[in-house]
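Structure, as structure tokens:
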Amino acid sequence: MNVTQTDQQINTRLAHDHLLGLEGYSSEEIELVLSTARRFREVLYRPIRKVPTLRGITVVNLFFEASTRTRISFELAEKRLSADTVNFSTSGSSVLKGETLKDTVQNIEAMKIDMVVVRHRSPGAAHFLTQCVSSTIINAGDGAHEHPTQALLDLLTISDRFGYVEGLNVTIIGDIMHSRVARSNIHGLTTLGANITLCGPPSLLPVEVESLTDRDNVHVTSNLDEALEGCDVAMALRIQLERQGSNRLPSLREYHEQFGIKMSNMNQHKDLVIMHPGPVNRGVELASEVVDHERAVILDQVTNGVAVRMAILFLLSGHADVDQT
Ligand code: NCD
């Protein structure tokens, strides 16, 4: 497929102007992102990994919180699409001199930009920016609220592995309470018709999970064996120690014993596929051999992350309607 065909075939638009979360995104919108990502993923395997699709578009990456994968993935996605990119991180910025988020972003926008990718420790930060500036906002993680591009890349990985998502049994294990990845995946997976089991220590299952149990396709348990029974995909989450006000775990060693996926689980469940958003703490949420197991698709998730971010940048850029020929 060449670039011209890629751009001509992608002619449907998202109903949203921003990507703040997967809550409210329809299955058609999610499927559009996934099919667009599959087309862009092909660019990553070319000798010259670049298309002119977003030439002339300026994207600012605002990272107020630590990030390796997500920041590099967005930056690569922007460069693969030929956008102009500017990177901002808190260290060395005027935020350290007391400037507010609103002032920082309004000043950056005054330099004439088109899109902002934002990661911030406060839930709602991405939504707040839509009220302050007219640029397109993409949420790269806002506190414990949502991390929509992570869930989209997870959905792409699952969908490509099985050929479908509807009816699959997906178990999300770990610190559900502090995880924006869990929250976005719950929205995305239920929208596409998967059955979800949330598994973790009672102290790390949020109170509102109770209301989710009213949904037919969301099940909650603190028993790992029960959570892995009949499970197609196990998504392990890092314990978000930086977000836990008080210590909610006896010890990481005990956590691993009760909730870590071990080789014995892999041997018992012969078709189980393992996912993890990273960064992995080997020997805590996954035994080290499980991280490297042939049924762990953690690095496929990372590759799919670039493709999904290319798709989102393209679909929200306004260029999806423009004939690129
Ligand atoms: C996640 C995050 O930052 O929310 N990582 C990621 O973006 N790949 C999960 C985590 O930090 O544990």
Side-chain angles (χ1 to χ4, degrees), residues 19-23 33 37 61-78 87 89-90 117-127 138-158 170-189 198-201 204-206 233-245 248-249 252 255-256 259-261 274-286 290-291 296-310 312-313:
L19 179 64
L20 307 179
L22 283 195
E23 185 174 11
V33 177
N61 301 310
L62 284 181
F63 279 75
F64 293 91
E65 239 194 6
S67 173
T68 308
R69 260 159 300 270
T70 307
R71 189 173 51 77
I72 294 176
S73 181
F74 265 111
E75 200 179 334
L76 280 175
E78 291 149 11
N87 293 314
S89 57
T90 321
V117 175
V118 63
R119 170 169 285 199
H120 198 278
R121 68 178 179 284
S122 303
H127 177 259
I138 299 174
N139 183 7
D142 58 334
H145 177 229
E146 280 226 37
H147 190 354
T149 56
Q150 178 66 45
L152 287 166
L153 73 88
D154 292 337
L155 290 169
L156 179 61
T157 308
I158 294 171
V170 181
T171 292
I172 307 179
I173 305 160
D175 185 356
I176 311 291
M177 166 131 56
H178 301 95
S179 175
R180 52 196 174 203
V181 176
R183 221 157 252 105
S184 289
N185 263 301
I186 291 168
H187 290 302
L189 284 162
L198 303 173
C199 177
L204 294 178
L205 290 169
V233 178
M235 195 181 282
L237 302 175
R238 189 175 61 86
I239 302 297
Q240 312 267 305
L241 290 172
E242 73 278 18
R243 282 200 199 105
Q244 295 182 17
R248 291 168 183 271
L249 288 175
L252 292 180
Y255 177 82
H256 180 67
F259 297 100
I261 300 183
I274 302 296
M275 297 177 71
H276 194 300
V280 177
N281 287 305
R282 283 178 184 257
V284 181
E285 55 271 15
L286 298 175
V290 174
V291 179
V297 293
I298 299 169
L299 294 179
D300 295 338
Q301 291 174 262
V302 177
T303 305
N304 284 336
V306 179
V308 150
R309 289 171 179 123
M310 289 171 82
I312 277 294
L313 286 159

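Every number for a ligand or one of its atoms is a count from 1 in the order of the listing. Given the structure is predicted, the values throughout are model-derived calculations rather than measurements.
Close approach to T70 involves these atoms of ligand 1, each under 4.0 Å from a residue heavy atom: 6 (C), 7 (O), 8 (N). Near R238, meaning under 4.0 Å from any of its heavy atoms, are these atoms of ligand 1: 10 (C), 11 (O), 12 (O). Listed by atom number, the atoms of ligand 1 under 4.0 Å from H147 heavy atoms are 2 (C), 4 (O), 6 (C), 7 (O).
The salt bridge (charged side-chain N to carboxylate O under 4.0 Å, His left out) check on R309 picks up nothing, with sequence neighbours excluded. R69 is linked by a salt bridge (charged side-chain N to carboxylate O under 4.0 Å, His left out) to nothing, counting only residues two or more places apart in sequence or in another chain.
A donor-acceptor pair is defined here as one N or O able to donate and one able to accept, closer than 3.5 Å; such a pair exists between the side chain of E146 and the backbone of E23. Remark: side-chain polar atoms of R119 are paired, donor with acceptor, to backbone N or O of A66 under 3.5 angstrom. For R183 (side chain) and A144 (main-chain N/O), a donor-acceptor pair under 3.5 Å exists by modelled atom type.
For the pair V181 and ligand 1, the shortest N or O to N or O distance does not fall below 3.5 Å. Looking at ligand 1, you'll find an N or O of P277 within less than 3.5 Å of one of its N or O atoms.
More than 12 heavy-atom neighbours from other residues, nucleotides or ligands sit within 6.0 angstrom of NE2 on H256.
For R119, the closest heavy-atom approach to ligand 1 falls below 4.0 Å. Remark: distances from the non-hydrogen atoms of G141 to ligand 1 are all 4.0 Å or more.
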